Number of protein chains: 2
Amino acid sequence: MDRIDRKLLNLMQRDASRTNVDIAEEVGLSPSSCLRRVQRLHKSGIIDRIVAILNPTKAERRIKALITVELKLHGEQHMRRFLKIAVAEEAVSQAYAVTGETDVVLMLRLRDMEEFDALCERLFRDQTNVARFFTMMIIRTAKEETAIWL
Amino acid sequence: MDRIDRKLLNLMQRDASRTNVDIAEEVGLSPSSCLRRVQRLHKSGIIDRIVAILNPTKAERRIKALITVELKLHGEQHMRRFLKIAVAEEAVSQAYAVTGETDVVLMLRLRDMEEFDALCERLFRDQTNVARFFTMMIIRTAKEETAIWL
DNA sequence: ACGCCTTTGCAATAAAATTGCACAGATCTG
DNA sequence: CAGATCTGTGCAATTTTATTGCAAAGGCGT
């Protein structure tokens with residue numbers, strides 16, 4: 001993991017569609033040597049995978065919202081159960097267990113408010129162990145690195 | 001945007017490193033026809049870009065934290081100025097302006113607590129228009145789609 | 001049914017990735 | 001310090017993949 005590896009990783013996180021020849025030239029290596037480095041980064045697991053990032057404005061889930069959730073019961077198994085339910089939802093793009101007054105934070109990608117309504121109904125009805133939740137609609141995205149599922 | 005396009009998009013969001021021939025076979029098209037669809041999805045902007053996703057546990061920023069920020073002054077230009085400062089920070093991986101009591105939510109990726117300390121010093125010192133902020137350290141990540149910068 | 005437009009598959013071509021091999025630099029060892 | 005060893009490199013040959021022209025098939029409105 002030297003200077004060239006870092007250059008490769010930063011470069012490929014920006015654009016992994018470039019040809020090996022092109023990338024090799026930018027980092028100052030021969031194509032074969034460059035390719036072997038990329039293969040090594042794959043095998044070692046530093047590069048987890050190569051994915052397509054979709055344009056959110058052209059996708060179908062344009063509304064983003066953050067929800068902080070406070071659970072009634074805080075045991076490990078209760079936390080696990082709630083996260084499992086949340087993660088299974090298509091509209092949930094990120095889900096975290098956190099410290100502080102809040103127990104769980106969810107990032108949502110929504111088609112419309114009907115979907116939001118239905119999601120709340122499923123996640124926050126009485127039997128689901130949720131004490132309170134606070135919704136923050138996202139007005140502006142200043143920075144992000146997120147995939148969108150259709 | 002038919003059934004095959006959706007199949008292609010979902011497939012490429014999972015793994016965009018597969019060869020065109022391989023993908024063509026899975027969606028049930030000839031390689032040339034499949035390629036032309038992918039090119040069209042690129043040109044139309046639905047596919048924004050192809051990127052490498054790094055393994056967070058093998059990367060250098062392993063600690064994640066969420067911060068909710070309440071600003072003192074809520075005007076457009078104040079919001080813009082704070083977001084600009086926040087976005088410029090390497091440790092800030094996501095930044096959102098939101099509705100509710102909170103004005104801004106930041107996702108952080110940290111090497112260690114020294115970095116967190118230094119970041120707070122820069123973002124939340126008196127002159128930066130921050131009234132209050134709440135930190136939630138992320139204990140567990142149940143779902144996410146995020147890139148890591150070294 | 002008829003043109004018009006888009007999409008498809010095939011085959012030829014161009015471009016890219018992959019591999020074997022010999023060499024250079026770094027590190028270890030006696 | 002010389003020699004052995006390991007890792008990374010560039011070149012060239014080979015294999016694989018992407019790309020393009022073209023004719024045919026399917027959909028759509030008149």
Side-chain angles (χ1 to χ4, degrees), chain A residues 1-62 90 111 145-150, chain B residues 1-62 90 111 145-150:
Chain A
M1 171 65 74
D2 57 1
R3 201 182 49 80
I4 295 182
D5 278 339
R6 285 169 200 281
K7 213 166 168 180
L8 276 174
L9 291 173
N10 283 332
L11 201 146
M12 291 182 68
Q13 281 189 107
R14 261 189 272 267
D15 183 1
S17 70
R18 300 170 60 182
T19 67
N20 180 54
V21 177
D22 187 19
I23 292 173
E25 187 175 8
E26 176 154 344
V27 303
L29 282 180
S30 70
S32 61
S33 202
C34 180
L35 182 69
R36 272 185 269 249
R37 273 179 183 264
V38 173
Q39 289 172 333
R40 184 167 50 73
L41 290 170
H42 263 105
K43 270 209 298 268
S44 70
I46 296 175
I47 294 178
D48 186 45
R49 61 202 195 284
I50 307 291
V51 301
I53 302 294
L54 307 195
N55 185 333
T57 64
K58 307 231 171 174
E60 294 175 3
R61 297 171 180 276
R62 304 184 184 203
E90 282 246 313
R111 290 181 216 273
E145 306 285 342
T146 310
I148 299 97
W149 289 87
L150 297 183
Chain B
M1 173 62 77
D2 58 0
R3 202 181 49 82
I4 295 182
D5 278 338
R6 285 168 200 283
K7 212 165 169 182
L8 275 174
L9 291 172
N10 283 332
L11 201 147
M12 293 182 68
Q13 281 188 107
R14 262 189 271 266
D15 183 1
S17 70
R18 301 169 62 183
T19 67
N20 180 52
V21 177
D22 188 18
I23 292 173
E25 188 174 9
E26 176 153 345
V27 302
L29 282 181
S30 71
S32 61
S33 202
C34 180
L35 183 68
R36 272 185 270 247
R37 272 176 183 267
V38 173
Q39 287 171 335
R40 182 167 51 74
L41 291 170
H42 263 106
K43 269 210 296 270
S44 70
I46 296 176
I47 294 178
D48 187 45
R49 59 201 197 283
I50 306 293
V51 301
I53 302 294
L54 307 194
N55 185 334
T57 64
K58 306 233 170 169
E60 295 176 2
R61 297 171 180 277
R62 304 183 185 206
E90 282 245 315
R111 291 181 217 276
E145 304 286 342
T146 310
I148 298 99
W149 290 86
L150 297 180

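Heavy-atom basis, side chains included; hydrogens, waters and symmetry copies ignored. We name chains A, B, ... by the order of the sequence lines, and we start the count at 1 in each one. From a predicted model like this one, the values you see are computed outputs, not experimental measurements.
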*Can you see which heavy atom on Gln13(B) is nearest to which on Val51(A), and at what distance?*
O-CG1, 3.1 Å

_Quick check: closest heavy atoms across Ala52(A) and Ala16(B), and the distance to 0.1 Å?_
N-CB, 3.8 Å

Sort me out a list of protein N/O and nucleotides 12-16 of chain C N/O pairs below 3.5 Å, or just none if empty.
none

Which atom pairs link the protein and nucleotides 22-28 of chain C when you take only N or O atoms and keep those under 3.5 Å?
none

To the nearest angstrom, how far is [X] atom [atom1] from [N] atom [atom2]?
X: Met1(A); N: dT7(D); atom1: CE; atom2: P; value: 17 Å
X: Lys43(A); N: dT7(D); atom1: NZ; atom2: C1'; value: 13 Å
X: Gln39(B); N: dT7(C); atom1: CD; atom2: P; value: 13 Å
X: Arg18(B); N: dA18(D); atom1: CZ; atom2: P; value: 12 Å
X: Leu35(B); N: dG9(C); atom1: CG; atom2: P; value: 13 Å
X: Glu25(B); N: dT16(D); atom1: CD; atom2: P; value: 16 Å

*Tell me, please, which residues at least two apart from Glu26(B) pass side chain to side chain donor-acceptor pair (under 3.5 Å).*
Arg18(B)

*Using the test side chain to side chain donor-acceptor pair (under 3.5 Å), find all partners of Thr19(A) that sit at least two apart in sequence or belong to another chain.*
none

Point-to-point distance, once rounded to the nearest 0.5 Å, from [atom1] of [X] to [atom2] of [Y]:
X: Ile23(A); Y: Arg37(A); atom1: CD1; atom2: CZ; result: 13.0 Å
X: Ile4(A); Y: Ser33(A); atom1: CD1; atom2: OG; result: 7.5 Å
X: Ile46(B); Y: Met1(B); atom1: CD1; atom2: CE; result: 3.5 Å
X: Ile47(B); Y: Leu8(B); atom1: CD1; atom2: CG; result: 7.5 Å
X: Asp15(A); Y: Asp48(B); atom1: CG; atom2: CG; result: 10.0 Å
X: His42(A); Y: Arg49(A); atom1: NE2; atom2: CZ; result: 11.0 Å

_Holding to side-chain contact (heavy atoms from CB on, under 4.5 Å), I want the full list of residues that pass it with Leu35(B), two or more places apart in sequence or in another chain._
Asn20(B), Gln39(B)

Under 3.5 Å, which protein N or O atoms sit close to an N or O of nucleotides 8-10 of chain D? Give each pair with its distance.
from: dT9(D); atom 1: OP1; to: Arg37(A); atom 2: NE; distance (Å): 3.4
from: dT9(D); atom 1: OP1; to: Arg37(A); atom 2: NH2; distance (Å): 2.8
from: dT9(D); atom 1: OP2; to: Ser33(A); atom 2: OG; distance (Å): 3.1
from: dT9(D); atom 1: OP2; to: Arg37(A); atom 2: NE; distance (Å): 3.3
from: dT9(D); atom 1: O5'; to: Ser33(A); atom 2: OG; distance (Å): 3.0
from: dG10(D); atom 1: OP2; to: Ser30(A); atom 2: N; distance (Å): 2.8
from: dG10(D); atom 1: OP2; to: Ser30(A); atom 2: OG; distance (Å): 2.9
from: dG10(D); atom 1: N7; to: Ser32(A); atom 2: OG; distance (Å): 3.3
from: dG10(D); atom 1: O6; to: Arg36(A); atom 2: NH2; distance (Å): 2.8

